[in-house]
There are 2 protein chains.
Amino acid sequence: MELVSDNNTGYVPLYRQIKRLITESLVSGEWAPGSPIPSEMELAQRYSVSQGTVRKAVSELASQKILVRHQGKGTFVASHSQESTKFPFLRITPDSGVVEEVDARLLDFWRIKLDDHSAGFLNVAEGSSGWLIRRILAPEGEESIYEEIRLPGSSFETIEESMIHDHQCMLYSMYESIFNVRIVYVEERVKAIIGEGEIVDRLGLLDGAPLLKVERVAYTYDDRPVELRRSYCNTTKHSYRNKII
Amino acid sequence: MELVSDNNTGYVPLYRQIKRLITESLVSGEWAPGSPIPSEMELAQRYSVSQGTVRKAVSELASQKILVRHQGKGTFVASHSQESTKFPFLRITPDSGVVEEVDARLLDFWRIKLDDHSAGFLNVAEGSSGWLIRRILAPEGEESIYEEIRLPGSSFETIEESMIHDHQCMLYSMYESIFNVRIVYVEERVKAIIGEGEIVDRLGLLDGAPLLKVERVAYTYDDRPVELRRSYCNTTKHSYRNKII
DNA sequence: GAGTGGTCTAGACCACTCA
DNA sequence: GAGTGGTCTAGACCACTCA
């Protein structure tokens, strides 16, 4: 769940214990994405600590974007369904301006057996059942990203093509609302490759065109990987942007 | 300096004002990188506020990695000279393992006039004087990055080749100690391109090899840009890594 | 005006470092 | 054991939201 007690003494501050209890309620689904959690005063009573200690726990969860605070209104479970967080992890942006709209065009959707490599990233057994989604993304209407998404069958047993259609480029919102799988953070590895075959065809490019390959593993609470995504991006008019602190 | 008062009322919390005062002392050089700032109690007295308010200001600066706290020892101005932060912004890592060592080989070092594009990024006048550093980086001894670094003359008037040699791949540490320019964060734009000419030659590749182009602008306190860097990376054995929350 | 999160204080005590 | 940052409390008051 959390690296809480690496020291020898086993000392764990109260607010870390509270943070853990709150996270457990999130994992269990007691508080669903988008809905408010109890007020700081109520939580203080519930856990028999001061408001300040609850605040510290909530602050850490807010800084991880797991909770969202709104002064005067309350504290909410973060959700990918909200307008403000429309493309929270999308780092590909047009060189001029920002992303307003992304169109998604589904190519196909299969049940697959997860190969060694993919199963490793998803932390499931090789050959276990999963899903493959292939699609084209078009930021600002420009079809510039070819994408393959692999999902473990265990977490997404009942997924159907209609669900993908209904949510288009809001897949993470669909994971949340239908499968109670909230994506909390992602890790990406980026390479430059030479495009060939179907991928360049789909993007309207010629064999040999350079592509940005982005391999993403998406994690839910507890650092559990639940999605593997490979994107191939035409970066002639787009860039992968990153701010590092 | 800081987006502190965007609201209509002009209300600025005390701890934000303290944060600003601390930042001013950092900009002025009152507290240099690597050295300790006064204790929380001393700062509380100095600014006539409670320890808690100082803590809140310091906490924000610590989360921005501008200050570093060490329990029992004190609070220090973050520095690129410390071992723990050896490659704070380097996102290129070998596919197997982590970066232990990066060799830097200087190609050349010139005084230049900054072109339109570069001057724009550095927020100085077109044609104003600057410096160009060209070099090859070799993570784990593998020469896989060609790099061009442009510096504004205004901040680095007295830079010399020997300084670059002495600091090798610790340039940001050199900026700090010699020019009192501490890099606080960087912004990068990444593209996939086809390599050609001198760049591929330098990396021991053939014309047409795919390269990851990373364009970086580095900022000091006050969001002031002070370095423009273009890197071209051979990503056959390396990846650009990124965690997004 | 009631309820929420946000700020600020004063004070107690704890964990850690270093001489 | 003195000094540092780290945690926790109880209480006051502020800014903001919403009915």
Side-chain angles (χ1 to χ4, degrees), chain A residues 2-22 31 34-78 82-84, chain B residues 2-22 31 34-78 82-84:
Chain A
E2 170 110 15
L3 296 175
V4 123
S5 153
D6 277 348
N7 41 7
N8 303 322
T9 63
Y11 165 72
V12 180
L14 244 187
Y15 78 92
R16 288 278 185 169
Q17 300 175 41
I18 304 303
K19 189 181 169 188
R20 187 181 196 117
L21 291 171
I22 294 174
W31 305 316
S35 64
I37 69 170
S39 75
E40 294 179 356
M41 284 308 194
E42 288 175 283
L43 289 174
Q45 281 197 306
R46 168 168 171 163
Y47 300 126
S48 301
V49 298
S50 75
Q51 186 208 7
T53 300
V54 168
R55 274 193 73 75
K56 192 147 185 177
V58 169
S59 291
E60 284 206 358
L61 290 164
S63 75
Q64 293 175 255
K65 297 187 189 169
I66 288 174
L67 296 177
V68 179
R69 292 206 272 216
H70 291 294
Q71 187 175 7
K73 292 167 70 174
T75 301
F76 300 77
V77 184
Q82 291 152 9
E83 282 303 310
S84 57
Chain B
E2 168 112 14
L3 296 175
V4 120
S5 156
D6 277 348
N7 42 9
N8 304 321
T9 64
Y11 165 72
V12 180
L14 244 186
Y15 78 91
R16 288 278 184 171
Q17 300 175 42
I18 305 304
K19 189 181 168 187
R20 186 181 197 119
L21 291 171
I22 294 174
W31 305 317
S35 64
I37 69 170
S39 75
E40 294 179 356
M41 283 309 194
E42 287 175 284
L43 290 174
Q45 281 196 304
R46 168 167 171 165
Y47 301 126
S48 300
V49 298
S50 75
Q51 185 207 8
T53 299
V54 168
R55 275 194 72 73
K56 191 147 185 177
V58 170
S59 291
E60 283 205 358
L61 290 164
S63 74
Q64 293 175 253
K65 297 186 187 168
I66 289 174
L67 296 178
V68 178
R69 292 206 272 215
H70 292 293
Q71 189 175 4
K73 292 168 70 176
T75 301
F76 300 77
V77 184
Q82 290 152 11
E83 282 302 311
S84 58

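Just so you know, these numbers use all the heavy atoms, side chains as well, and skip hydrogens, waters and symmetry mates. Fair warning: this is a prediction, and the values are worked out from it, not measured in the lab. Quick note on labels: first sequence line is chain A, next is B, and so on, each numbered from 1.
Side-chain N/O atoms of A:Arg55 and A:Ser50 include no donor and acceptor closer than 3.5 Å.
Applying the 4.0 Å criterion to OP1 and OP2 of C:dG3, one finds that A:Lys73 has every side-chain N and O outside that range. Distances shorter than 4.0 Å separate none of the side-chain N or O atoms of A:Ser39 from OP1 or OP2 on C:dG3.
Between the A:Glu40 side chain and the A:Val54 main chain, no donor and acceptor come within less than 3.5 Å of each other.
The shortest heavy-atom contact between B:Leu43 and B:Pro38 is CD1-O, 3.6 Å. When every heavy atom of B:Lys65 is checked against every heavy atom of B:Ala78, the shortest pair comes out as O-CB, 3.3 Å.
Between the CD atom of A:Glu42 and the CD atom of A:Gln45 there is a distance of 7.5 Å, given to the nearest 0.5 Å. Summarising the geometry, atom OH belonging to B:Tyr47 is positioned 12.5 Å from atom CG belonging to B:Leu14; distances are rounded to the nearest 0.5 Å. How far CZ of B:Phe76 is from CG of B:Leu67: 11.0 Å, rounded to the nearest 0.5 Å.
B:Leu61 pairs in a side-chain contact (heavy atoms from CB on, under 4.5 Å) with only one of the listed residues (B:Ile66, B:Val77, B:Val68, B:Ile18), which is B:Ile66.
Residue order along DNA chain D, read from the 5' end via each residue's closest nucleotide, puts B:Ile37 first among B:Ile37 and A:Gly72.
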- [ ] Do nucleotides 6-12 of chain D as a string where each nucleotide becomes B, S or -: B if the base has a protein heavy atom under 4.0 Å, S if just the sugar-phosphate does, - if no protein is that close.
- [x] BBSB---

Open item on the list: Reading 5' to 3' and counting Watson-Crick or G-U wobble pairs with both distances under 3.5 Å, write the dot-bracket notation for DNA chain C, | for bases paired outside the strand.
Closed with: ||||||||||||||||||.

